[in-house]
Amino acid sequence: MTTVSDGVPGPAVLGAPLVPTDGGPPEATSTPPAVPPRRRRRRLRLWLPVGVIAAYLVAGVIGPLIARYDPIATSVADRLLPPGSRMSDGGLALLGTDQVGRDLLPQIMQGARISLLVGAATLLLAGTVGAALGILCGYLGGLVDATVMRLADIQLAFPSILLAVFVAGVLGSSVTNVVLTLSITTWPIFARVARAQTMATRSRDFANAARTLGAGPWHVVRHCVLPAVASPLLVIATVQLGFVIVAEASLSFLSLGIPAGTPSWGTTIANGRDYLASAWWIATLPGLVLAVFVVCVGVLGDELRDRSDPNLSTR
């Protein structure tokens, strides 16, 4: 064992802490770890779309209370004003006016409320029905599984937008009919995801242990299957929100969705399709608003999928 004599340190012992020889304070040998660039990008991919979607929600809820919109009001003096123009009443048209003199900003805010309402109601209805059918088919199997899944396969064989146009043409134009139409075209996606997750969960050890201890089917479904199904369904709902809102805008553009008196992004875009050369802002600005929202929803859905899947290397 090496000792220190006459104030002269001996050889350093492996694993022993370094002690300063001059009696001064020890120097800082470590710095706070920096956040890796990859982790910063992942945080940006998560929080940037969340912030944009939150801004849309605030605009849809509070915006119509601040900027009133009258769908039947007209002003010949304010027709086709470009963005940033002054209106005849002294107000500022930040996004311009349409062909009958209505301000585009209140229309887009009202359209955000309608589009988000239709999207949320559609996902709630389609997700509830699809998840219930998927869990039922995945847990019971047999004839019930074969019948429901073949019906879902037949429906998925048709393009969803064509099926939505057909159903909307039969039901007519109203907010309720749009929700029903989009729910009919969306439920098979939730049903398939719920069925696959249920089939993977019902044979797990904890589910078999619960049945061995005397638990009934409802207890197994509630305590074993539902927690495993909830996370994938939430991710699917986030991804489908963008598709649902685009489908609603497409139906409104074809005059098969939201009635003409109710503003929506699709209706506003349809109003400007005849003025692309002279008043591009009528159709372009609502289209950009819709595109930004759909892109942010898609990025958020991809990030949630990556975070919920332990098999992906990006986790």
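For the single chain, residues carry numbers from 1 onward in sequence order. On a predicted model such as this, the values are computed, not experimentally measured, just so you know.
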About how many Å separate [atom2] of [Y] and [atom1] of [X], when rounded to the nearest 0.5 Å?
| X | Y | atom1 | atom2 | value |
| --- | --- | --- | --- | --- |
| Trp218 | His223 | CH2 | NE2 | 9.0 Å |
| Leu241 | Ile245 | CG | CD1 | 4.0 Å |
| Phe253 | Thr268 | CZ | OG1 | 11.5 Å |
| Ser278 | Leu80 | OG | CG | 6.0 Å |
| Arg43 | Leu48 | CZ | CG | 15.0 Å |
| Leu182 | Gln240 | CG | CD | 11.0 Å |

Identify the heavy atoms of [X] and [Y] that sit nearest to each other, and give their distance.
| X | Y | result |
| --- | --- | --- |
| Ser85 | Leu92 | O-CD1, 3.5 Å |
| Ser88 | Ala77 | CB-CB, 4.4 Å |
| Gly301 | Val239 | CA-CG2, 3.8 Å |
| Asp153 | Arg150 | OD2-NH2, 2.9 Å |
| Gln99 | Arg79 | O-NE, 2.6 Å |
| Ser115 | Glu248 | OG-OE1, 3.2 Å |

Do [X] and [Y] touch side chain to side chain, with heavy atoms closer than 4.5 Å?
| X | Y | answer |
| --- | --- | --- |
| Arg192 | Leu156 | yes |
| Phe206 | Cys224 | yes |
| Tyr139 | Val220 | yes |
| Ser250 | Ile161 | yes |
| Leu140 | Asp145 | no |
| Thr74 | Arg102 | no |

Problem set entry | Test side chain to side chain contact (heavy atoms under 4.5 Å, CB included) applied to Asp103 and Leu94, step by step | CA-CA 8 Å; Asp103 193 355; Leu94 291 177; over 6 Å; no
If Ile, Leu, Val, Met, Phe, Trp and Tyr residues are connected whenever their side-chain heavy atoms lie under 4.5 Å apart, and connections chain through other members, are [X] and [Y] in the same group?
| X | Y | result |
| --- | --- | --- |
| Leu254 | Ile258 | yes |
| Met199 | Met149 | no |
| Val170 | Ile184 | yes |
| Val299 | Val52 | no |
| Val144 | Val193 | yes |

[atom1]/[X]: more than 12 non-hydrogen atoms of other groups inside 6.0 Å:
| X | atom1 | result |
| --- | --- | --- |
| Asp89 | CG | yes |
| Arg222 | CZ | yes |
| Phe166 | CZ | no |
| Phe243 | CZ | no |

Problem set entry | Test side chain to side chain contact (heavy atoms under 4.5 Å, CB included) applied to Leu125 and Leu180, step by step | CA-CA 8 Å; Leu125 180 59; Leu180 292 176; 4.0 Å; yes
Seminar exercise, completed: Quick note, side-chain hydrogen bond (donor to acceptor under 3.5 Å, both in side chains) partners involving residues 166-187, not counting sequence neighbours, are Gln155-Trp187, Ser174-Asn177
Problem set entry | Partner of Thr238 by side chain to side chain contact (heavy atoms under 4.5 Å, CB included), out of Leu123, Leu304, Leu233 | Leu304
For this session: Taking Arg113 for its side chain and Val61 for its backbone only, find out whether a donor-acceptor pair lies under 3.5 Å.
Result: yes
For this session: Look at the side chain of Thr267 and the backbone N and O of Pro263, then say whether any donor-acceptor pair between them is shorter than 3.5 Å.
Result: no
May I have the list of side-chain donor-acceptor pairs in residues 281-298 shorter than 3.5 Å, sequence neighbours left out?
from	atom 1	to	atom 2	distance (Å)
Trp281	NE1	Leu81	O	3.2
Trp281	NE1	Thr97	O	3.0
Thr284	OG1	Trp280	O	2.7

Exercise. Should the pair Arg195 and Phe190 be classed as cation-pi, given the thresholds of under 6.0 Å to the six-membered ring centre and 45° from the axis?
Worked result: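 Cation-pi check for Arg195 and Phe190: fails.
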Exercise. Can Thr198 and Thr201 be counted as having a side-chain donor-acceptor contact under 3.5 angstrom?
Worked result: no
